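Step one of this worksheet: look at the structure below.
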There are 2 protein chains.
Amino acid sequence: MTSPTIYDVARAAGVATSTVSRAFSNPQRVSAPTRELVVQVAAELGYSPNPHARALTSRRTQTIAMVVSDITNPHFFEIIRGAELRAKASAHTLVLVNAEESPRIEREQINRLSRSVDGFLLAASRLPEDDLVELAGSHALVMVNRQVPGIPGVVLDQREGCRQLVTHLASLGHTSLAYLTGPRESWMAASRWAAIRDAAAEAGMTAVRMGPFTPRVTHGAAAADAALTTGATALIAHNDLLAIGVLQRLAARSVRVPDDVSVTGFDDIFAAELCTPSLTTLGGTHVNLGRAAVELLLEAADAPRRPGAAAQHLVLPSQLVLRDSTGLARGRRGPA
Amino acid sequence: MTSPTIYDVARAAGVATSTVSRAFSNPQRVSAPTRELVVQVAAELGYSPNPHARALTSRRTQTIAMVVSDITNPHFFEIIRGAELRAKASAHTLVLVNAEESPRIEREQINRLSRSVDGFLLAASRLPEDDLVELAGSHALVMVNRQVPGIPGVVLDQREGCRQLVTHLASLGHTSLAYLTGPRESWMAASRWAAIRDAAAEAGMTAVRMGPFTPRVTHGAAAADAALTTGATALIAHNDLLAIGVLQRLAARSVRVPDDVSVTGFDDIFAAELCTPSLTTLGGTHVNLGRAAVELLLEAADAPRRPGAAAQHLVLPSQLVLRDSTGLARGRRGPA
DNA sequence: AACATCATGGCAACTGCTTGCCGCTCGGAT
DNA sequence: ATCCGAGCGGCAAGCAGTTGCCATGATGTT
């Protein structure tokens, strides 16, 4: 009934338990013939190592936790999917944690899991930078879509992406834009605004920031209303969900998109190409974000705290997806 | 540096390690004053139990695995979210596994995790029933959106939901429908077809089944083309993704929806209300599916194999969401 | 007063695997 | 012939808890 242990295998193979152990966890430490014998006997007995016993002494759990700030946001799912795929490829288990946009929950869950996992993937973490630095001291950490000095991370290129986005709007004749920003704690929101502002200045556009808004569809109404008061003809929403909510509100208020105002989002979620009008958005291959993040984490866990080596920061390309929600600025229609 | 153990706590509190252990894992086994002392000393020392050491002897891991057949499908997000929420509420950890529509991967991953988790949530499992029954013999199992005799599970009510859906179509004057079915291994697909067929017969409609189709947007084209050959005026796609693909193909072929044909889906994913035309679909609160599934699993893990008690099957209500993709059958327009 | 019962704390064996250290063997260098 | 080191297997002490069993004293019973 109860599953076999290394003792059973050792006895059956006529070797010591340490040999069995090594045959599995440190194969090159054992001669080929012995290893094969052990492996074969183990297979016959249906032995497989107990992960908890293994973790107890070795402190390696083959498990990584992914903490997302809000599991409700479909854009995370691509990241999660990429992470799961990559983790599975390395025989690692992926634990999923939803921080529900709460720094407190985020912190609690990290503490709770700190013994059970090899490291954390923090996606769009809402924790203050100090906390993160402190955590990084005792845990392997990889940030996703947030840059923290000294902590490895992967992000989608915002600077360049935002520049393209703003340039696109400028080329359509827009001269003023409004950025509908996300949560106060969101590093992404700050980073996007900085990039947008700079790009706007460069393109000779005026840029204002409104918000913060909770980046959900339902909060698009408030965002749209606020944006309209600015007179801006180009609205850049913090993400696609908010943008879709904005589109809905504009439609309800009979503001035509893109004839009266242009609207853009971020993330290129699945729904972005289905909504009406379809949404111009700054996307990128989020699957790769997840994948790369796991990769970084596995490296970090292997070579823990190599002191000299700076924390790796990967910047993956974003890409501007042009759809129907952006068009010539008002008054720029027809033959120039 | 290294975190304190029960030994440290025991020494500091002047009690035996067993007392410390019990104070945490079996509080009523220890008198209130002693327990409080231990808890307080533990707090001062920053002690928290090592989950692996705990799991090693007790065989309880406070972890549950959720295996989904295809993480790509947004409809699972909601289920996952519900499960995560409920698991967290009981201080359990949720492990996420993507079976990538492959029974082999599904089986492998279950085996791999069998020692590390208290039980499995199998969402839309593609495993043959025999395998499931066998697994249920050695693991706590809860099926999500699949019914297997003898194994507890939660499903959204298909029979009643499909009846409503078909009745809705009949009331619009449709007399023939086509069901664009999902994967061969999908229990859901079979179950839906059975319910649709019966309801159609009851309503005096003819019903044909086409497929199987992979339930993704990209496969909607083939599904639409196949459906059109049948002459049916009402198309019921296996899920919303497929339905959206069908809508796109129909638009490309200039078939008007709902004027020429009506289209419906299942799941009521976020995109269903955004696509054009918006999609009539059979939804339900998937969050609750996830939540209920975890609940059942926790129960099952608590009272393992109570022999007399039949496996619990929960049937949650589905709900028909009427949108713009269904309308009067061709020739039924205008005043009757 | 004698005895059964119960709540409580401690002892120690046990969970299944890892790993530092030791010692043997054997090939090659001296 | 001697020495050295590499390669390999074994010993045994952990890792951090859990839990069956026992001893003790307090409480209850008749």
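Chain letters run A, B, ... following the sequence lines, proteins first, then strands; residues in each count from 1. Nothing here was measured: the structure is a model prediction, and the numbers come from that model. Values reported hereafter were calculated over all heavy atoms of this structure, with side chains retained and with hydrogens, waters and symmetry mates removed.
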Worksheet item: So how far is it from A/Phe76 CZ to A/Leu96 CG, rounded to the nearest 0.5 Å?
Response: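 Atom-to-atom, A/Phe76:CZ and A/Leu96:CG are 11.0 Å apart.
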Worksheet, complete the sentence: When rounded to the nearest 0.5 Å, the distance separating CG of B/Leu122 from CD1 of B/Ile151 is 8.5 Å
Practice prompt. Using heavy atoms to find the nearest nucleotide of DNA chain C for B/Thr57 and B/Gly14 separately, return the residue whose nucleotide is more 5′.
Written response: B/Gly14
Worksheet item: How do B/Arg59 and A/Thr17 order along DNA chain D: which one's closest nucleotide is nearer the 5' end?
Response: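 Looking at the nearest nucleotide for each, A/Thr17 comes out on the 5' side.
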Discussion item. Return whichever of A/Val15 or B/Ala55 has its heavy-atom-nearest nucleotide of DNA chain D closer to the 5' end.
Written reply: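 Result: A/Val15.
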Discussion item. What residues from residues 30-54 of chain B pass a heavy-atom cutoff of under 4.0 Å to DNA chain C?
Written reply: B/Val30, B/Ser31, B/Thr34
Discussion item. Between B/Arg112 and B/Glu108 (salt bridge meaning N to carboxylate O under 4.0 Å), is one present in this structure?
Written reply: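 So B/Arg112 does not pair with B/Glu108 through a salt bridge.
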Worksheet item: Would you call A/Asp118-A/Arg60 a salt bridge at under 4.0 Å N-O?
Response: no
Worksheet entry | side chain to side chain donor-acceptor pair (under 3.5 Å) against A/Arg146, all qualifying residues, sequence neighbours excluded | none
Discussion item. Between P on D/dG17 and CZ on A/Arg115, what's the gap in Å once rounded to a whole number?
Written reply: 6 Å
Worksheet item: Looking for any heavy atom pair under 4.0 Å, which part of the strands does B/Arg60 touch: base, sugar-phosphate only, or nothing?
Response: sugar-phosphate
Worksheet item: Any side-chain donor paired with an acceptor under 3.5 Å for B/Ser18 and B/Ser21?
Response: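 On atom types as modelled, these side chains do not qualify, holding no pair under 3.5 Å.
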Fill in: B/Ile64 vs B/Val142 side-chain heavy atoms within contact, under 4.5 Å
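No, too far: nothing below the 4.5 Å cut-off.
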Worksheet item: How far apart are the C-alpha atoms of B/His92 and B/Thr63, what are their side-chain angles, what is the distance that settles it, and do they pass the side-chain contact (heavy atoms from CB on, under 4.5 Å) test?
Response: CA-CA 5 Å; B/His92 278 245; B/Thr63 300; 6.0 Å; no
Practice prompt. Enumerate the residues from residues 18-29 of chain A whose closest heavy atom to DNA chain D is under 4.0 Å, giving them by residue number; use none for an empty result.
Written response: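 Those residues are A/Ser18, A/Thr19, A/Arg22, A/Arg29.
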Worksheet item: Between the side chain of A/Glu106 and the main-chain N/O of A/Arg126, is any donor-acceptor distance below 3.5 Å?
Response: yes
Discussion item. With heavy atoms of chain A within less than 4.0 Å as the criterion, where does contact along DNA chain C begin and end?
Written reply: C/dG16 to C/dC21
Worksheet, complete the sentence: Contacts satisfying side-chain hydrogen bond (donor to acceptor under 3.5 Å, both in side chains) that involve residues 44-53 of chain B (not counting sequence neighbours) are A/His52-B/His52, A/Arg115-B/Ser48, B/Gln40-B/Glu44
Worksheet item: Under the salt bridge (Lys or Arg N to Asp or Glu O under 4.0 Å) rule, what pairs show up with a residue in residues 82-91 of chain A, not counting sequence neighbours?
Response: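 Only A/Glu84-A/Lys88, A/Arg86-A/Glu295, A/Lys88-B/Glu100 qualify under salt bridge (Lys or Arg N to Asp or Glu O under 4.0 Å).
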